[in-house]
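Step one of this worksheet: look at the structure below.
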Amino acid sequence: MNTWLKIELETTGIAILSGLLLTASFPKIDLPWLAWVALVPLLWVLKDVTPGEAFRRGMVFGLAHFVSLLYWLVPTMVTYGHLPLILGIGILCLFAAVLSLVFIAPAVYGISLVSRTPVRMVFFFPLFWVGTEFLRSFLFTGFPWQLLGYSQYERLHLIQLSDIFGVYGLSGAIACANAAFLLGALAVLGQPWRGQAVKLRLVLGSITAAALWVGAAWIYGDLRIAQIDRLAAQAPKMRVAVIQGNIEQSQKWDRAFQNATIDTYIRLSLSTRPQKPELIVWPESAAPFYFLAEVPPTRMVMQGVTAAGAHFLIGAPSFDLRGRQADYFNSAYLVGPGGEVLGKYDKAHLVPYGEYTPFKEYLPFLGKIVEHVGDFKPGVKGQTLDLQGRKLGIQICYEIIFPALARAMVQNGAELLITITNDAWYGMTAGPYQHFSLAVLRAVENRRALARAANTGISGFVDPAGRVVGRTPMMEEAAVVRELPLLDTTTVYARLGDVFGAACLGVSLIAMAGAWMLARRRNRNA
């Protein structure tokens, strides 16, 4: 084996290892400490390569990470999209390749182009990483799934920083630590960065900077937790029940099981009467029919509502007629104790190929996975529902991954965040666990309690400090009640949004453009 091929195989293996380590920091493996070192191998293979080579190694890292992170898409496509296994694997690899090509590889290229010295590397790497994550939040409709900061969702003190910087502040701290550890490894092993020796003073300075960032976040978190707990203790409360029906996806839309599904949700809801919930929350599409339009099943639901004597939030599809045409929505209805409909929220950010089919003329073999007659239409972003003067911010399934949607609802007065979902598609894979972790950051960013109802789990509650105060097992029926505080405080993040992420992206683009133009000038003068 020649030397070049041996080096390529070694660096490819190291890049793959880095991607797998990063995946292991997220649920379901849940080793959050790995996030603080997972990117060190990636940075190691960039220490002596051209920007073009860095781009290729970034692609390898991205493929390894996204394929291992999102593997649960394959059984979903095969079981419910009725695709052959080989095609499902191919689509997963294609999706991972697109994510790597658009986000990871350009960032790694930029880091290599800009960071010609060890000092520049430790400064620019966190900026590029955070900037790329912010880009993922909106480009091509956005897919900010399991950003680096989400790996720490159970580290209560650290995540408090997100009420200022959002999840991106935590991502930046972790990226900074990875860069500092890389410099430490280079210094210990006597390896240069881009031909320049790594001085001990720089190593100590970078590790100190990362430690100060994390230490400041921890101190801020300690103070903020105490403050939010005091506010929550003094705030008005709402007793909320979340209902987990555990309906198999294969039965959910089968009319033969429709009455049994409704009976299950009513039975579980009535079981909470001794605890006197003010609001009972059913998951996404818990009512598997057109609520209000289909009379017999609607009557069954309304009888259950009046028997429970509480307000209900019920997930169900809906439609609006426009002449001979109909617009379909994925909706949540707020129903009063007497059966009166008090409001309806229509999902605003839809899932591509789950709820509508983009580019169907180019990819005819792909259709929607959701069993429905046509594509859904998006609702109004930021819409809230009013429950006796208390505003509720509703997010349906996929919407919880977008910080801007929860923030818009809080800006419109939401005092309680509610997310309803049906994760039965993903079985016992890592998908439902990853999905649940995202809700924790939405609560902290906006300092709102959050209730989550999921058909097969995980259902539960998050308090305004980010504690998971109730959590159901997967694949079991459950009805859980908690008293939640209704805060109206406004955080820095709620006011300013993702300014930090946008600033990191802007600085990264300017730095990359400047370095590219400088490199071209050098090449012309050579």
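- For the ring-ring contact (aromatic ring centres under 6.0 Å, His included) with Y426, the qualifying choice from Y433, F436, Y71, W72 is W72, the only one to do so.
- The aromatic ring centroids of F95 and F66 lie 6.0 Å or more from each other.
- I174 and G149 get closest at one heavy-atom pair: CD1-CA, 4.2 Å.
- For the residue pair T421 and Q395, no side-chain donor N or O sits within less than 3.5 Å of a side-chain acceptor on the partner.
- With a 4.5 Å cut-off on side-chain heavy atoms, S25 and P32 do not count as touching.
- Residues R230 and Q227 bring no donor and acceptor atom of their side chains to less than 3.5 Å of each other.
- Residues T76 and W425 share a closest heavy-atom pair of OG1-O, 3.3 Å.
- At least one donor-acceptor pair closer than 3.5 Å links the side chain of R442 to the backbone N or O of I400.
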Check the pair R448 / T489 against side-chain contact (heavy atoms from CB on, under 4.5 Å), numbers first and verdict last. CA-CA 9 Å; R448 295 295 186 270; T489 185; 4.0 Å; yes
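- I266 and G304 make their closest contact through CG2-CA, 3.9 Å (heavy atoms, listed as atom of the first residue, atom of the second, distance).
- Taking all atoms of both residues into account, the shortest heavy-atom contact from T491 to E445 is OG1-O, 2.8 Å.
- When atom types are taken as modelled, the side chain of S285 and the backbone of P288 share no donor-acceptor pair closer than 3.5 angstrom.
- The backbone N or O of Q434 sits less than 3.5 Å from a side-chain atom of Q146, completing a donor-acceptor pair.
- Judged by distance alone, the side chain of Q234 and the main-chain N or O of L231 form no donor-acceptor pair under 3.5 Å.
- Taking 4.5 Å as the limit, some side-chain heavy atom of V102 sits within range of a side-chain heavy atom of L139.
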Passes side-chain contact (heavy atoms from CB on, under 4.5 Å), R452 versus T472? Steps please. CA-CA 10 Å; R452 186 180 198 263; T472 64; over 6 Å; no
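- One N or O on the side chain of K237 and one on the backbone of A235 form a donor-acceptor pair closer than 3.5 Å.
- No side-chain donor from either of N246 and T456 sits under 3.5 Å from a side-chain acceptor of the other.
- You'll find the side chain of I262 reaches within 4.5 Å of the side chain of F289, heavy atoms only.
- Salt bridge absent: E278 and R239 never bring a charged side-chain N and a carboxylate O closer than 4.0 Å.
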Take D229 and R467, measure what side-chain contact (heavy atoms from CB on, under 4.5 Å) needs, and give me the verdict at the end. CA-CA 11 Å; D229 285 348; R467 299 182 189 89; 2.7 Å; yes
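- Atom-to-atom distance recorded for T298:OG1 and Q303:CD is 11.0 Å, nearest 0.5 angstrom.
- More than 12 heavy atoms of other shown residues, nucleotides or ligands fall within 6.0 angstrom of atom NZ in K28.
- For the atom pair CG of L450 and CG of D463, the computed distance is 10.5 Å after rounding to the nearest 0.5 Å.
- Rounded to the nearest 0.5 Å, atoms OG1 (T79) and CG (L83) are 10.0 Å apart.
- No donor-acceptor pair closer than 3.5 Å links the side chain of T264 to the backbone N or O of G245.
- Here T384 contributes atom OG1 and I418 contributes atom CD1; the two are 11.5 Å apart, rounded to the nearest 0.5 Å.
- Remark: the N455 side chain and the E284 side chain contain no N/O donor-acceptor pair separated by less than 3.5 Å.
- Side-chain polar atoms of S318 and K344 form a donor-acceptor pair below 3.5 angstrom.
- For the residue pair S171 / E133, a side-chain donor-acceptor distance below 3.5 Å is found, with atom types taken as modelled.
- The heavy-atom pair separating Y80 from A424 by the smallest distance is OH-O, 3.9 Å.
- Considering F291, Y290, Y345 as possible partners of Y333, the one that fulfils the ring-ring contact (aromatic ring centres under 6.0 Å, His included) test is F291.
- Remark: side-chain polar atoms of Q160 are paired, donor with acceptor, to backbone N or O of L156 under 3.5 angstrom.
- Between Y265 and W282, the angle of the ring planes lies from 30° to 60°, which puts this pair in the tilted group.
- Within the 3.5 Å criterion, the main-chain N or O of Q388 finds no donor-acceptor partner in the side chain of H311.
- Aromatic pair F376/Y328: centroids not less than 6.0 angstrom apart.
- Checked against the 6.0 Å centroid threshold, W213 and W36 do not count as a close aromatic pair.
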Go through the steps to decide whether L92 and I89 satisfy the test side-chain contact (heavy atoms from CB on, under 4.5 Å), and finish with yes or no. CA-CA 5 Å; L92 171 63; I89 294 172; 5.7 Å; no
Go through it in stages, so that I can follow the logic: the residues are R390 and E415, the test is salt bridge (charged side-chain N to carboxylate O under 4.0 Å, His left out), and I'd like the CA-CA distance, side-chain angles, deciding distance and then a yes or no. CA-CA 7 Å; R390 298 297 187 183; E415 297 169 276; 2.7 Å; yes
Test salt bridge (charged side-chain N to carboxylate O under 4.0 Å, His left out) on K377 and D375; report intermediate values, then the result. CA-CA 7 Å; K377 298 290 184 182; D375 285 356; over 6 Å; no
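- With contacts defined as side-chain heavy-atom distances shorter than 4.5 Å, the pair H435/W145 qualifies.
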Could you walk me through whether R299 and E294 pass the salt bridge (charged side-chain N to carboxylate O under 4.0 Å, His left out) check? CA-CA 9 Å; R299 185 181 297 117; E294 297 184 55; over 6 Å; no
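- One finds the OG atom of S162 at 9.0 Å from the OH atom of Y493 (value rounded to the nearest 0.5 Å).
- Counting only N and O atoms by type, the side chains of Q249 and N422 include a donor and acceptor under 3.5 Å apart.
- The NE2 atom of H349 sits 3.5 Å away from atom CZ of F402, with the distance rounded to the nearest 0.5 Å.
- Around CZ of F138, the count of heavy atoms belonging to other residues, nucleotides or ligands within 6.0 Å exceeds 12.
- A donor-acceptor contact shorter than 3.5 Å is absent between the side chain of D254 and the backbone of S250.
- Not a single donor-acceptor pair under 3.5 Å links the side chain of R482 to the backbone N or O of A451.
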